[in-house]
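Here's the structure, in structure tokens; my notes come after.
Residue numbers run from 1 in the order of the sequence given. Heavy atoms only: backbone and side chains are in, while hydrogens, waters and symmetry mates are out.
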Amino acid sequence: MKVGFIGAGKVGCSLYDYFVYNNIPVTGCYTRTQAKVSGTEKQTQKIFTTSIDKILTKSDVLFLTVPDDAIAAVWELVKTYPIQGKFICHCSGSLGSAVLSGIEETGAYGYSIHPMFPFKSKKTAYEDLSQALFSVEGNEEHIEEIMDLLSACPNHIVRLKSEDKPKYHAAAVFASNLAVGLINQAKRLLMECGFDEDAALKALKPLTVTNMNNIFDVGTCDALTGPVERHDIKTVQKHLNALDQETKETYSALTKEIIKLAQMRHPDISYADMKHVLEEEK
């Protein structure tokens, strides 16, 4: 099947190149203004057009690679064209295929196809994207055809239920966006100790990167280190005493989570006293 795109942002341009690299035929990409992507076009030899009709005529599968809050509006435009038998996909992690309202009446098939990956630019490296998980949710009758299309890529592909999309996306946010927030809090605490921003990030990098590698090598339980794992209540209390209320709330919430891991690792130790310390700080 031939694939077209509507939206020439980071996701659209990266998937365009990635599909071409994996020998999936791509018809082109619709963008509202040709000038917007003229530099990119010269560098990557992409085919851009300002005509949705051209993309639709040439494509069996259409990816709506636009921001989440624009998907419904773009779909309302697309559904005015003859699209019977075509596959309409968006790449939102949080929205399901239901955002393509009324698609059954058009004779097309709707899907949410989400690459679990942080797209930093329009030139995402093929080797990086090849490691990403792709989740697929949508029309069950033709889902195998979409799975076959994606199988040309080396990615792990999973099928999701529509009701699981919010929880699935929350998991991605925990591992990505919220992790950025945690590192930012750690950076801020070091800056309060006299570090400048660059020095703080350099100090945190080996700790963070090594710890993340350990997590994916041995799992969250066996990767756990630090005062909670050691059942060091005095150190936890010192931390709580040193933090402002907002940071303390984050620290306490995450400490409760890793207490669960510590208890799994050391079933002979009771962590009730540490939980009590955390409750007292509310």
Side-chain angles (χ1 to χ4, degrees), residues 9-15 17-18 39-40 43 67-68 91-94 114-133 155-156 168-262 265 274 277-278 281:
K10 292 182 286 187
V11 176
C13 285
S14 295
L15 285 179
D17 287 340
Y18 189 60
T40 306
Q43 294 171 18
D68 285 15
C91 294
S92 169
S94 60
H114 178 249
M116 191 180 276
F117 192 82
F119 290 88
K120 295 185 294 183
S121 75
K122 295 182 179 182
K123 302 176 184 177
T124 301
Y126 309 131
E127 58 268 24
D128 293 337
L129 191 51
S130 67
Q131 302 172 48
L133 174 141
N155 305 76
H156 181 53
Y168 158 85
H169 192 246
V173 169
F174 264 104
S176 181
N177 310 132
L178 297 186
V180 173
L182 286 177
I183 296 302
N184 192 63
Q185 282 196 328
K187 181 193 74 175
R188 178 171 54 79
L189 290 172
L190 287 182
M191 291 177 71
E192 291 175 4
C193 297
F195 288 68
D196 62 32
E197 184 172 7
D198 287 344
L201 289 173
K202 286 179 181 177
L204 292 169
K205 182 177 179 178
L207 176 66
T208 304
V209 172
T210 302
N211 195 48
M212 292 302 290
N213 286 336
N214 287 342
I215 288 171
F216 295 109
D217 285 343
V218 301
T220 53
C221 189
D222 288 338
L224 185 62
T225 62
V228 172
E229 194 269 337
R230 297 193 303 268
H231 196 238
D232 184 350
I233 297 177
K234 289 184 178 179
T235 296
V236 170
Q237 185 65 69
K238 287 179 181 179
H239 292 167
L240 291 168
N241 292 341
L243 301 176
D244 60 48
Q245 187 58 38
E246 184 177 351
T247 309
K248 188 184 297 183
E249 290 173 3
T250 304
Y251 182 97
S252 295
L254 292 173
T255 298
K256 289 177 183 178
E257 182 65 27
I258 62 176
I259 282 175
K260 298 174 187 176
L261 296 174
R265 192 168 179 180
M274 188 171 287
V277 168
L278 297 173
E281 290 297 328

query: Pairs in or reaching into residues 195-234: which pass ring pair (Phe, Tyr, Trp, His ring centres under 6.0 Å), with residues at least two apart or in two chains?
result: H231-Y271
For the atom pair [atom1] ([X]) and [atom2] ([Y]), what is the distance rounded to the nearest 0.5 Å?
{"X": "Y18", "Y": "N155", "atom1": "OH", "atom2": "CG", "value": "3.5 Å"}
{"X": "H169", "Y": "S176", "atom1": "NE2", "atom2": "OG", "value": "9.0 Å"}
{"X": "F119", "Y": "C91", "atom1": "CZ", "atom2": "SG", "value": "7.5 Å"}
{"X": "H239", "Y": "L189", "atom1": "NE2", "atom2": "CG", "value": "10.0 Å"}
{"X": "R230", "Y": "T225", "atom1": "CZ", "atom2": "OG1", "value": "8.0 Å"}

Going by the rule side-chain hydrogen bond (donor to acceptor under 3.5 Å, both in side chains), which residues pair with [X] if we only count those two or more places apart in sequence or in a different chain?
{"X": "N214", "result": "none"}
{"X": "T247", "result": "R188, D244"}
{"X": "D232", "result": "T235"}
{"X": "Q185", "result": "none"}

Test item: [X] and [Y] side chains (from C-beta on) under 4.5 Å apart, heavy atoms:
{"X": "D17", "Y": "L129", "result": "no"}
{"X": "T255", "Y": "L240", "result": "no"}
{"X": "I215", "Y": "D222", "result": "no"}
{"X": "M191", "Y": "D196", "result": "no"}
{"X": "T220", "Y": "I258", "result": "no"}

Applying side-chain contact (heavy atoms from CB on, under 4.5 Å), name anything that partners [X], two or more places apart in sequence or on another chain.
{"X": "N241", "answer": "Q237, E281"}
{"X": "T208", "answer": "I183, L204, M212"}
{"X": "K120", "answer": "none"}

Measure across [X] and [Y] and return the closest heavy-atom pair with its distance rounded to 0.1 Å.
{"X": "K187", "Y": "A200", "answer": "CG-CB, 3.8 Å"}
{"X": "A179", "Y": "A175", "answer": "CB-O, 3.5 Å"}
{"X": "L243", "Y": "K248", "answer": "O-CE, 3.6 Å"}
{"X": "L224", "Y": "E229", "answer": "O-CG, 3.6 Å"}
{"X": "L261", "Y": "C221", "answer": "O-SG, 3.6 Å"}
{"X": "P227", "Y": "V236", "answer": "CB-CG2, 4.2 Å"}

message: Show every salt bridge (Lys or Arg N to Asp or Glu O under 4.0 Å) that has at least one partner inside residues 199-212, sequence neighbours left out.
response: none
query: For Y168, what residues pass the ring-ring contact (aromatic ring centres under 6.0 Å, His included) criterion, not counting sequence neighbours?
result: H114
All salt bridge (charged side-chain N to carboxylate O under 4.0 Å, His left out) counterparts of D128, not counting sequence neighbours: none
query: What residues, two or more places apart in sequence or in another chain, satisfy salt bridge (charged side-chain N to carboxylate O under 4.0 Å, His left out) together with K260?
result: E257
